[in-house]
Participant: 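Take this structure first; my questions come after.
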Amino acid sequence: MKKETEHKPGKKYGMVIDLDKCTGCGSCMAACMAENNVPCKDDESNKLSSITWIRVYRLTNRKPFPETEICYLPRPCMHCGGVGDQGHSPCVSVCPATATDYDHGTGIVSQIYTRCFGCRYCMAACPYHARYFNWWDPVWPGDLKKTLSPNVSPRMRGVVEKCSFCFHRYQLAMEKAYVEGRRDLEEGEYQTACTQACPSGAITFGDLDNPDHAVAKMKEHPNAFRLLERLQTNPKVYYISSREWVRRAGDNYLKNEPTNSKPRAAAHHG
Amino acid sequence: MKIDRRSFLALGLGAAAGTAFTPLPWKLTDDASIWTQNWRWLPLPEDGDVTYETTACTLCPGGCGIRVRKVKDRIVKIEGLPEHPVNQGGICALGISGTQILYGGSRVTSPMRRSGDRGKNEWTRITWDEALAEVKAQINALVDADKADTIACITGSDRGTVPLLFKRLLAVLGSPNFMTTATMEDSYRAVFRKMHGLKGPVDVRFDFENTGFVLSFGSGLIEGWGSPLRMIRAANVWKANKTPMIQVEQRLSNTAAFSGGLLAVNPGTEADLALGLCHAIISGNLHQAGSVSGFAEFANLLKQKYSVDTVATKTGLKATAIVDLARKFANPASRSVAVCGRGKGTTAGSMREFMAVHALNILAGRVNAPGGVFAVPAPDDIAWAGDTVMTSAISGKTRIDEAGTGAYTLADSLLNRIPSGIVEKGESSIGLLFVSEANPVYTLSGTKNVRKAFKKIPYIVSFATCLDDTTAYADLILPNHSYLERYQDVPVRAGLSKPLVNLTKPVSAPVYDTQNVGDTVISIAKSLEGSVAEAFPWENYEDCLAKTLGGRWETLKEKGFVEGEANPVALGNVILPSEMPDIPAISGDGNLPLILLPKDSMRLWGDAVADPPFALKIVPDTELKGTETVVEVSPKTAVAQGLEDGKEAVLTTTLKSVTVKVAVSDGIMDGVVAIPRGLGRSSAEKYLDDKGVNVCELMEPQEDKVSGFDAVIGTRASLKRA
Amino acid sequence: MDYDFIPKGHNRCSFGTFAAGMVILGVIVLWGFYAAALCWIKGLNQTNMNDSYGFALWIWADLAVIAIGGGAFFTGLLRYVIGLDELKNIINFAVIVGFCCYCSAMLILAIDIGQPLRGWFIFWHANVHSMLTEVAFCLSLYLCVLAIEYLPLILENGKIDEVPFFHNLSHTMHGAMAVFAATGAFLSCFHQGSLGGVTGVLFGRPFGYREGIFVWPWTFFLYTWSAAACGPCFTMLTCKITETITGKRLVKDNVYDLLAKISGWMIGTYIVAKIADTVYWATVTSPSMGFGLMDYYSLHPLHHGIWILILEIVVCGVVPALILISQKGRATKPLFNLAIVLAVLGVCLNRWVMVMTPMAMPVMTFDSWVTYFPSWQEIATTILPFAGGIMVVALSYRYLPVFPQEKELNSKR
Amino acid sequence: MFPFIFEWVWDEGHIMFFGAMWYVILILASGLGYCLIKAVKDTLAGGHGPQDHH
């Protein structure tokens, strides 16, 4: 059924985030919220129920002042491909109602809000806490409704939502390309809102498999790593940090294991 | 037909079974799912043609170019303008949240007259005609009583046509009392005047793009200091070039963390460190020769009071570290620059610190040198007929704040002196106050006194776009369009290396019954008739802009910004101080065990503009939790004061006692309490209203003996378990 | 007052006493439904769940009642398929308890999902690769089976039995019961297992993840086995409680003994498998993901450390197994009672740990543990099915011939 | 669940899963159907009142 992409290898959109550049300003979060109609509650200080598709984590090296170091780490959805990019991401396989899907054409993990019935199993499955539940009705009081973008439908209470790599931007870019008789997108034609907004230019977005795209080269950087690689989730978001403690914080290691210990070779799932 | 129990049961069962074969249950389940997918209270964004329009952001002084995405006539998103020299496509969280100011709940939707007590933000709607008539009556009353010079005006900036229209209105009425809120740029100007003998308007500019070594004295270089986006880009250039960044601070701020070069000195000893560095430079004979007066006295002062060893003890640093740093800094190959202005630089700060840091730059030859700090003339491209006549007419009159006269020759305006003046005298020296694009009740320290003083001012007219702490004290609001609905030229200071003028454009039709403040000022002037009206010969504000900007008007309309060139002013003779002013930057009761320091960030904005919902949403829970401010202390301080992470505590300064929450963090010096700036607003909007505490309420102001500005950067405090 | 409806020859308490009890339970049930209504109308913000505890009290209660309700399918399997005729004396009660448990589970699930009116999407848009889909299908079908098994018992009520059709229906259904029981056992094996699979397949959650065979992680088999092992203990426990409350003996000791012996061996074998699974997970699976065993326990906000594992496996696993396997242990009343209580606790504790920890435990190194305490709405809706269950059991006991041996055991008086 | 729902695919997983499901439903339905029909038949044949309880 899903064989239509066979004659042409699919894209694998992904991100490389240079943590050395990130200043922790939070633009990416705000840009994402504005782009994707993410609502604001009266009180968003309880971060356990605050929806931020991309969340900037504050990492410290846990040393006392003044040896303390901080690294900010923006965490969008990782759009895990699972072993061999077969689409066996932690969340997609568990959703009982097929409300989240792996798109083999782009490598993007989608979320169908009107299909989701809110069992939260996908949240239990995602080790990155990238999925958010709408505990409350979304509210845009007064004229704030005018800020809503028609490209992204507002989510209702009781469903799970997450970063889509601004998939609607991909669709718009593709529509435009088709009109112009093209079947492929230029690198700059499809960029996520967070990538565009970042004042540091810390986020780079593109097709990880396309050697002409910046991300394809950047992900090969010796300081590049991904979060929780050992779980074999195969994320599409890479990070670069020149600091060893940051790279080590990207995954779990037993006490004496060196950073970058490879996951077990056997593909024991998928 | 007889209905017995059996047939009744059979009927019931049959009916139940029968229904299952009708479309009814399927229809109902289908309806249920459709209904849950389209709740009527779930807004359905209206679709339409998408267009992009470019304009400029004015929410902070940074001067970014933005483009808005419109769906039909709605602005749905604000993005950075890729071709703008300041931000080059990037945008900060506040800028993105601009739509929530445009359409937000705190907008003043029509002219309003105060109906409640001052401080309550309670209003009655009136018409524009009524409102303008009221202003006219107030002005005429003062003019008739020969008290026109008690008319005062507070604006957020003194640049561009709108502030100058206010200034002109005051001048033509005979009042010199045009005031602006003071920032670190005003302190820099004062330093140029003090240490270079410069007169008149002079601006500070930093050539950060070519700097090779950055020494920052508590400036939040990537946390909103100067032009925030330009600074973030510059900092990334430094990082890429491995340019050393040294951050002198008591806390691992984002700037300190990003720099990787935190130099933790004892609070309030930043100036001492700068002087110690000066001493090390002089004693190492590393200073640059130049035309300097008072060098010997300065060297002697350093030797006597600020020797490396003395400073080492005072700051808590190692003497060798100071000498080492001085050597690196003074090396001409370093292309170094020392920067000051605490946090975002939205407060003036202490002259002692500015002078010390500037002396350091002077000794290292970093003033008016590539990669260093520049003194440039402020742009004077807005010239209207009769300016000189008016200026000379009021030049003899004393300003209420005494700026520019007597002991206060270094400052152009001293807003901070107004509240204490009024409170001390017991009556208001201001008869009528205009407030535009400023929020002094929120941003001046010692809030209690400020409120008291504002209550005493007989009549306050606000030109605010949104309700805030200051509108609460106004008698009349003549609401301005938001920056997305109006034309306005916005010359950018913010330490940019080149002069820049942005133009905001009406990218949205007015959402409410508001009016461009430029038009409002012109119509007020016209209503006064006679010479006042004659001084405003324009049809409306747009006409004024077109005529004033001349050839640049079309460029601005098309491109959105004009960049210029500025040649540094000749510095002439450098005057090094023979004595350093002794103003404690830390105010308050010395018996209180801790030092409270405000902290700034790119997520929480402490100046005139309050955090809109998106920006507020990303404020970490280590700064705001529920409705309480969270203060940061070190683990040792927590133990010493009996505090626990996440628990409540009572924060006390000489001015106020408030309940806060405690966040214990590794990234802060012992004995210091860091408190986020930007909370505790009465913004009349549910998201931010009454959340946390305004830092200014806790900070006792400290008048700088040199400049007259408020020098306070911190205050003594205690923090006890609640 | 309701004398006609009480099975002939049985002694029951006065209608007044019974009604009073029913009213008290009814109030609790209404309170529960009020809380449930709040959740349905206002949404899950009525709970204290959050993005770290998306699976919380409810899901635990769900898994726990299904596990302890496993007595129905396993006793049914033993009685109808394997043919241990002795167990006919407790099978009715096992079915009622199981029915209550499964109804509770369905009710809790209906409250727990964010969009209850779309709950049927799990069937309609089923993703066959999801363990939860398997759970939903098997669970609802098995509830049908339980209803089918319960129905003939209801039809045996003296008054209903007077209707010839119902009498005949009850009779035929008894005859066909083996088919239903076998189907039920098949369904149960799968949904009990799938519930284990729910956490076992989460390869992003090292605490829950288990390797396995084909599509099923080891927890799949452990859950089925533990439900079969501990379910009958809950049946016996509730039966004992009923005996205590009614002050009558309802089931003969040899029946208890037989079921307990089987349960003992089941728990024994289960606990051996569980220990093997834990050891393999702690030494092979988990370290490959970068977690040492103590990483899961040392930072837990409730500070129970590894003792919770010891409590589950040794105190609530090995101990009851040993007691129930030994002839002497079973014969000693207090020991027997202790054993069935521990076994029930053990399986509940296992479900608790497997529900709460995998999702709440931080996997990213810079993430942190949070604590959670249920809101009153969650507590009320969790108590609701217990009160409701007691009502159903009480009603059944009063009006239906649940215990075939009751008359015999109490005729001396 | 049904072949006419758009995401239905004829792969092994679906065939096994739904095969088993429909099979179980078939057994339950036919079992229940058998009982009901037999009970109706027996009732119509008459005589099987509560009196002749085994």
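Throughout, protein chains are lettered first and strands after them, A, B, ... in sequence-line order, and every chain is numbered starting at 1.
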Participant: Counting only non-hydrogen atoms closer than 4.5 Å, does C:Met361 touch chain A with its backbone (N, CA, C, O), its side chain (CB onward), both, or neither?
Facilitator: neither

Participant: Do A:Tyr128 and C:Asp367 have side chains that get closer than 4.5 Å, going by heavy atoms?
Facilitator: no

Participant: What is the minimum heavy-atom distance between C:Phe203 and A:Leu231, and which atoms define it?
Facilitator: CD1-O, 3.5 Å

Participant: Does any part of the side chain of C:Phe121, heavy atoms only, come nearer than 4.5 Å to the side chain of A:Thr98, both counted from C-beta?
Facilitator: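 Not touching, per the 4.5 Å side-chain cut-off.
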
Participant: Give the minimum heavy-atom separation between A:His129 and C:Arg205, together with the two atoms involved.
Facilitator: CE1-NH2, 4.0 Å

Participant: Measure the spacing between CG of A:Leu48 and CG of C:Asn48 and express it to the nearest 0.5 Å.
Facilitator: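 One gets 11.0 Å once the value is rounded to the nearest 0.5 Å.
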
Participant: Quick one: which of A:Gly250, A:Gly118, A:Pro127, A:Gly158 has the most heavy-atom pairs under 4.5 Å with chain C, could you say?
Facilitator: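 Heavy-atom pair counts peak at A:Pro127.
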
Participant: Against chain C, work out which of A:Arg75, A:Lys255, A:Met123, A:Arg58 has the most heavy-atom pairs shorter than 4.5 Å and name it.
Facilitator: A:Met123

Participant: Given a strict heavy-atom distance threshold of 4.5 Å, which part of C:Pro206 is in contact with chain A: side chain, backbone, both, or neither?
Facilitator: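 Side chain only.
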
Participant: Please flag which part of C:Ile113 lies under 4.5 Å from any non-hydrogen atom of chain A: side chain, backbone, both or neither.
Facilitator: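 It is both, since atoms from each part get that close.
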
Participant: When rounded to the nearest 0.5 angstrom, what distance separates OH in A:Tyr113 from CD in C:Gln115?
Facilitator: 14.0 Å

Participant: Measuring from atom CH2 of A:Trp135 to atom CD of C:Gln46, what distance do you get when rounded to the nearest 0.5 angstrom?
Facilitator: 12.0 Å

Participant: Taking side chain as C-beta onward, heavy atoms only, is C:Leu132 less than 4.5 Å from A:Cys119?
Facilitator: yes

Participant: Is any side-chain heavy atom of A:Asn252 less than 4.5 Å from a side-chain heavy atom of C:Val363?
Facilitator: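 The answer is yes; the side chains approach within 4.5 Å.
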
Participant: Tell me which of these, C:Val198, C:Thr133, C:Asp295, C:Val201, has more heavy-atom pairs under 4.5 Å with chain A than the rest.
Facilitator: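 Heavy-atom pair counts peak at C:Val198.
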
Participant: Has A:Gln232 got a side-chain atom pairing as donor or acceptor with C:Met289's backbone, closer than 3.5 angstrom?
Facilitator: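 Side chain of A:Gln232 to backbone of C:Met289, a donor-acceptor pair under 3.5 Å: no, none is there.
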
Participant: With a 4.5 angstrom heavy-atom cut-off, is it the side chain or the backbone of C:Val128 that approaches chain A, or both, or neither?
Facilitator: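 When you check distances to chain A, no heavy atom of C:Val128 falls under 4.5 Å.
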
Participant: Tell me which of these, C:Ile59, C:Val135, C:Asp112, has more heavy-atom pairs under 4.5 Å with chain A than the rest.
Facilitator: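 It is C:Asp112.
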
Participant: Is A:Val92 in contact with chain C via its backbone, its side chain, both, or neither, using a 4.5 Å heavy-atom distance?
Facilitator: backbone

Participant: Quick one: what part of A:Cys126 sits under 4.5 Å from any heavy atom of chain C, side chain, backbone, both or neither?
Facilitator: backbone

Participant: Quick check for you: among A:Lys47, A:Arg131, A:Arg248, A:Met156, which has the greatest number of heavy-atom pairs under 4.5 Å with chain C?
Facilitator: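 Most heavy-atom pairs within the cutoff with chain C belong to A:Met156.
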
Participant: Is A:Leu73 in contact with chain C via its backbone, its side chain, both, or neither, using a 4.5 Å heavy-atom distance?
Facilitator: side chain

Participant: Taking atom CG as the centre, does C:Leu302 end up with more than 12 heavy-atom neighbours from other residues, nucleotides or ligands that are less than 6.0 angstrom away?
Facilitator: yes

Participant: Got more than 12 heavy atoms from elsewhere within 6.0 Å of OH, C:Tyr297?
Facilitator: yes

Participant: Relative to chain C, which segment of A:Phe133 carries a heavy atom at a distance below 4.5 Å: side chain, backbone, both, or neither?
Facilitator: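 Contact with chain C: backbone and side chain both.
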
Participant: At a 4.5 Å cut-off on heavy atoms, which part of A:Thr60 comes close to chain C: side chain, backbone, both, or neither?
Facilitator: neither

Participant: Which heavy atom in A:Ala124 sits nearest to a heavy atom in C:Leu202, and how many Å separate them?
Facilitator: O-CD1, 3.8 Å

Participant: Report yes if the side chains of A:Val159 and C:Arg118 come closer than 4.5 Å at any heavy-atom pair, otherwise no.
Facilitator: yes

Participant: Between A:Leu227 and chain C, which part of the residue has a heavy atom less than 4.5 Å away: side chain, backbone, both or neither?
Facilitator: side chain

Participant: Has A:Tyr121 got a side-chain atom pairing as donor or acceptor with C:Met131's backbone, closer than 3.5 angstrom?
Facilitator: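 Between the backbone of C:Met131 and the side chain of A:Tyr121 there is no qualifying donor-acceptor contact (under 3.5 Å).
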
Participant: Among C:Thr199, C:Leu109, C:Asp51, which residue has the highest count of heavy-atom pairs closer than 4.5 Å to chain A?
Facilitator: C:Asp51

Participant: Has the side chain of C:Thr365 got a donor or acceptor atom that lies under 3.5 Å from a matching backbone atom of A:Asp251?
Facilitator: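 Not at all, since once roles are kept as given, no pair shorter than 3.5 Å links the two residues.
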
Participant: Any idea which of C:Phe123, C:Phe55, C:Trp120 has the most non-hydrogen atom pairs under 4.5 angstrom with chain A?
Facilitator: C:Phe55

Participant: Between C:Leu44 and A:Arg120, is any pair of side-chain heavy atoms under 4.5 Å apart?
Facilitator: yes

Participant: When rounded to the nearest 0.5 angstrom, what distance separates CG in C:Leu293 from CG in A:Leu254?
Facilitator: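 Reported value, rounded in 0.5 Å steps: 11.0 Å.
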
Participant: What is the minimum heavy-atom distance between A:Cys95 and C:Ser130, and which atoms define it?
Facilitator: O-CB, 3.7 Å

Participant: Give the member of C:Pro287, C:Gly119, C:Gly197, C:Ala136 that has the highest number of heavy-atom pairs under 4.5 Å with chain A.
Facilitator: C:Pro287

Participant: Any chance you could measure A:Lys41, atom NZ, to C:Asn45, atom CG, to the nearest 0.5 Å?
Facilitator: 9.5 Å

